[in-house]
S.K.: 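Sharing a structure below in structure tokens format, with a few things to ask.
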2 protein chains.
Amino acid sequence: MTALDSAPHPTGRTATGETDPDRRAGIYRNAARIFHRKGYHATSINDIAAAVGLTKAGLYYYIKGKQDLLFAIMSFAMDQLDAQVIEPARREQDPQARLETIVSRHARLITQDSSALTILVNELEGLLPDDRADIIGRQRDYVEFIADTLAALRDEGKVLGLDPTIGAFSLVGMILWISRWYRADGRLDADEVVAEVTRMAVAAVLNRNAEQAEDPDE
Amino acid sequence: MTALDSAPHPTGRTATGETDPDRRAGIYRNAARIFHRKGYHATSINDIAAAVGLTKAGLYYYIKGKQDLLFAIMSFAMDQLDAQVIEPARREQDPQARLETIVSRHARLITQDSSALTILVNELEGLLPDDRADIIGRQRDYVEFIADTLAALRDEGKVLGLDPTIGAFSLVGMILWISRWYRADGRLDADEVVAEVTRMAVAAVLNRNAEQAEDPDE
DNA sequence: GCCAACCTACCGGGCGGTCGGTAGACTGGC
DNA sequence: GCCAGTCTACCGACCGCCCGGTAGGTTGGC
């Protein structure tokens, strides 16, 4: 999105004696975009190499392998989630404000660039077992963080009879799904989507009055 | 799940002179299970053949190709959605009852067997363009059906200022995500999950009182 | 002359898919 | 009651292709 998206041969130099970190970042960014569009398994190393203006062998100067590349992207996405969503939310004392922070910030992140964050949830089976355990652990922590927030709301009496686990998963599903339908060039703009989803999420778990319909259909 | 899951050589006879439909159904069911677990691209024709007790060549007696197999599974899932969710919901006159029917029936279907329904949303890029257009069209119809239901609720005054499109997508995301976290042998049972998700979905879009907080009150 | 940053050429292997064949149950003619 | 022919339901061997990955250069700026 920002730069060097498919620049053929920038030949950017570094005086540090180390591998150019910008070049590497560009490779990760492109790889994330292509993995996102075609899926990890359907993407070949050649696809990525071509997208960054390298041959396959040239690409291997920067990466250790396809699975390492995937893990790097997913770790980056998880870092993003930590820094942009979890940390800011952790600083919120009020549970409802914290919930709103989580939803709106996570939704915002997805409307900005969904590639890495979507790969994070869709390509887990492409990872090596150890890497997968690492990512799954961090994801579980995130869901538990949301569930704890819902439990805190329940303790305040703002939520009645909602299982925090089901609630947390449901909200996460709602948020993650945004990447499937939201298009930056579409009818809806990001601010509207973020606000609407946040409002729905809060409404889904909060009960303003005690009415809790207990007869589902059939 | 039901029968002939990996029966080696049932040698079931048919007097019709046509290919045994049970055998074929078993192949589709197994293929759906494996596609669901490993992903379409990560699954080889050999994997499926082995799971049904055939060699690859033997399997090709029943299927035309990998992509046709995928399309058959997704069409079946879409048929299921039509028959078990959309049709029953269409018979509901009251928009709120209709919404509850959609969510609870769709959620129920996923808790029962998520394979085909999950493939339906995750493996679209594996299809041939014409097949993909077919499936995407049917999926779009479904989302529009939900959006129309939300619009009807809005016309009744039961929903204030919610974009029906965003609402429909968000509910769909919540429902589909169930297949990622619900396990039949887990702590939560299906009835509970279905009821809870349905309640959240309704709460997410309905406003019981006129309060639509722009300011987080109290 | 050194080293970062690439390249060409290649490898083993697995993939989707096909081919020719065949065991064995059934069918009709006599 | 037999047997030639036909059909379904498979299998072993194979094909061409492309995959992830590597060995061993070459080039150009410092």
Side-chain angles (χ1 to χ4, degrees), chain A residues 4 6-28 30-31 34-35 38-73 123 125-128 131, chain B residues 4 6-28 30-31 34-35 38-73 123 125-128 131:
Chain A
L4 58 91
S6 63
H9 296 109
T11 329
R13 209 58 44 207
T14 31
T16 66
E18 253 299 311
T19 288
D20 184 347
D22 284 355
R23 190 87 169 102
R24 174 164 275 140
I27 288 166
Y28 287 153
N30 271 278
I34 302 172
F35 282 162
K38 310 211 311 180
Y40 172 73
H41 287 289
T43 301
S44 75
I45 288 290
N46 255 328
D47 293 337
I48 297 165
V52 295
L54 286 174
T55 60
K56 187 169 51 165
L59 179 63
Y60 267 89
Y61 176 75
Y62 292 98
I63 69 172
K64 276 189 295 184
K66 200 188 178 187
Q67 286 182 314
D68 296 275
L69 183 56
L70 178 61
F71 180 61
I73 291 169
E123 306 289 2
E125 27 71 56
L127 292 172
L128 294 164
D131 293 343
Chain B
L4 60 91
S6 62
H9 295 112
T11 329
R13 206 60 42 212
T14 31
T16 66
E18 254 299 311
T19 287
D20 185 348
D22 283 355
R23 190 87 169 100
R24 175 165 275 141
I27 287 166
Y28 287 153
N30 271 279
I34 302 173
F35 281 162
K38 309 212 310 180
Y40 172 73
H41 288 289
T43 301
S44 76
I45 288 289
N46 254 329
D47 293 337
I48 297 164
V52 294
L54 286 175
T55 61
K56 187 167 54 164
L59 179 62
Y60 268 89
Y61 175 75
Y62 292 98
I63 69 172
K64 277 190 295 183
K66 202 187 177 188
Q67 287 181 315
D68 296 274
L69 183 56
L70 179 61
F71 180 61
I73 291 169
E123 305 290 2
E125 26 70 57
L127 292 172
L128 294 165
D131 293 343

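For the numbers below, each heavy atom of this structure counts, side chains included, while hydrogens, waters and symmetry mates do not. Per chain, numbering begins at 1; letters A, B, ... match sequence-line order.
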S.K.: Could you tell me how far apart R24(A) (CZ) and dA4(C) (C1') are, to the nearest whole angstrom?
M.R.: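 Distance, rounded to whole Å: 12 Å.
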S.K.: Atom CG of D22(B) to atom C1' of dA9(D): distance rounded to whole Å?
M.R.: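 So the two atoms are 15 Å apart, to the nearest Å.
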S.K.: Under the side-chain hydrogen bond (donor to acceptor under 3.5 Å, both in side chains) criterion, do H41(A) and E125(A) qualify, and how do the steps go?
M.R.: CA-CA 10 Å; H41(A) 287 289; E125(A) 27 71 56; 3.2 Å; yes
S.K.: Test your reading of the model: is there a side-chain donor-acceptor pair from N30(A) to the backbone of G26(A), 3.5 Å cut-off?
M.R.: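 At least one qualifying donor-acceptor pair exists.
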S.K.: Under a 3.5 Å distance rule, please check whether K64(B) uses its side chain to pair with a backbone N or O of L69(B) as donor and acceptor.
M.R.: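 It does not hold such a pair.
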S.K.: Looking at Y61(B), I'd like to know whether one of its side-chain N or O atoms comes within less than 4.0 Å of OP1 or OP2 on dA9(D).
M.R.: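 Answer is yes, contact under 4.0 Å.
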S.K.: For F71(B), is the NZ or CZ atom of K66(B) found under 6.0 angstrom from the centre of its six-membered ring and inside 45 degrees of the ring axis?
M.R.: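 Verdict for F71(B): no cation-pi partner in K66(B).
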S.K.: dC7(C) P sits how many Å from L59(A) CG, rounded?
M.R.: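 For the pair L59(A) CG and dC7(C) P, the rounded distance is 10 Å.
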S.K.: Applying salt bridge (charged side-chain N to carboxylate O under 4.0 Å, His left out), name anything that partners K38(A), two or more places apart in sequence or on another chain.
M.R.: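 Partners of K38(A) by the salt bridge (charged side-chain N to carboxylate O under 4.0 Å, His left out) criterion, ordered by chain and then number, come out as D47(A).
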S.K.: Does dT8(D) have its OP1 or OP2 closer than 4.0 Å to a side-chain nitrogen or oxygen of R23(B)?
M.R.: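 Indeed not, no polar side-chain atom of R23(B) lies that close.
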S.K.: Nearest whole angstrom, please: distance from the C1' of dC18(D) to the NZ of K38(A).
M.R.: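 K38(A) atom NZ is separated from dC18(D) atom C1' by 12 Å.
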S.K.: Report, one pair per line, the protein and nucleotides 16-18 of chain C atoms (nitrogen or oxygen only) whose separation is under 3.5 Å.
M.R.:
{"unit_1": "dG16(C)", "atom_1": "OP1", "unit_2": "T43(B)", "atom_2": "O", "d": "3.4"}
{"unit_1": "dG16(C)", "atom_1": "OP1", "unit_2": "K66(B)", "atom_2": "NZ", "d": "3.0"}
{"unit_1": "dG16(C)", "atom_1": "OP2", "unit_2": "I45(B)", "atom_2": "N", "d": "2.9"}
{"unit_1": "dG16(C)", "atom_1": "N7", "unit_2": "K56(B)", "atom_2": "NZ", "d": "2.8"}
{"unit_1": "dG16(C)", "atom_1": "O6", "unit_2": "K56(B)", "atom_2": "NZ", "d": "3.3"}
{"unit_1": "dG17(C)", "atom_1": "OP2", "unit_2": "Y60(B)", "atom_2": "OH", "d": "2.5"}
{"unit_1": "dG17(C)", "atom_1": "OP2", "unit_2": "K66(B)", "atom_2": "N", "d": "2.8"}
{"unit_1": "dG17(C)", "atom_1": "O5'", "unit_2": "Y60(B)", "atom_2": "OH", "d": "3.1"}
{"unit_1": "dG17(C)", "atom_1": "N7", "unit_2": "K56(B)", "atom_2": "NZ", "d": "3.2"}
{"unit_1": "dG17(C)", "atom_1": "O6", "unit_2": "K56(B)", "atom_2": "NZ", "d": "2.6"}

S.K.: I'd like to know if the side chain of Q67(B) and the backbone of G126(B) have a donor-acceptor N/O pair within less than 3.5 Å.
M.R.: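 Judged by distance alone, yes, a pair lies under 3.5 Å.
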S.K.: Could you tell me how far apart L54(A) (CG) and dG21(D) (C1') are, to the nearest whole angstrom?
M.R.: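 Taking CG of L54(A) and C1' of dG21(D), I get 16 Å after rounding.
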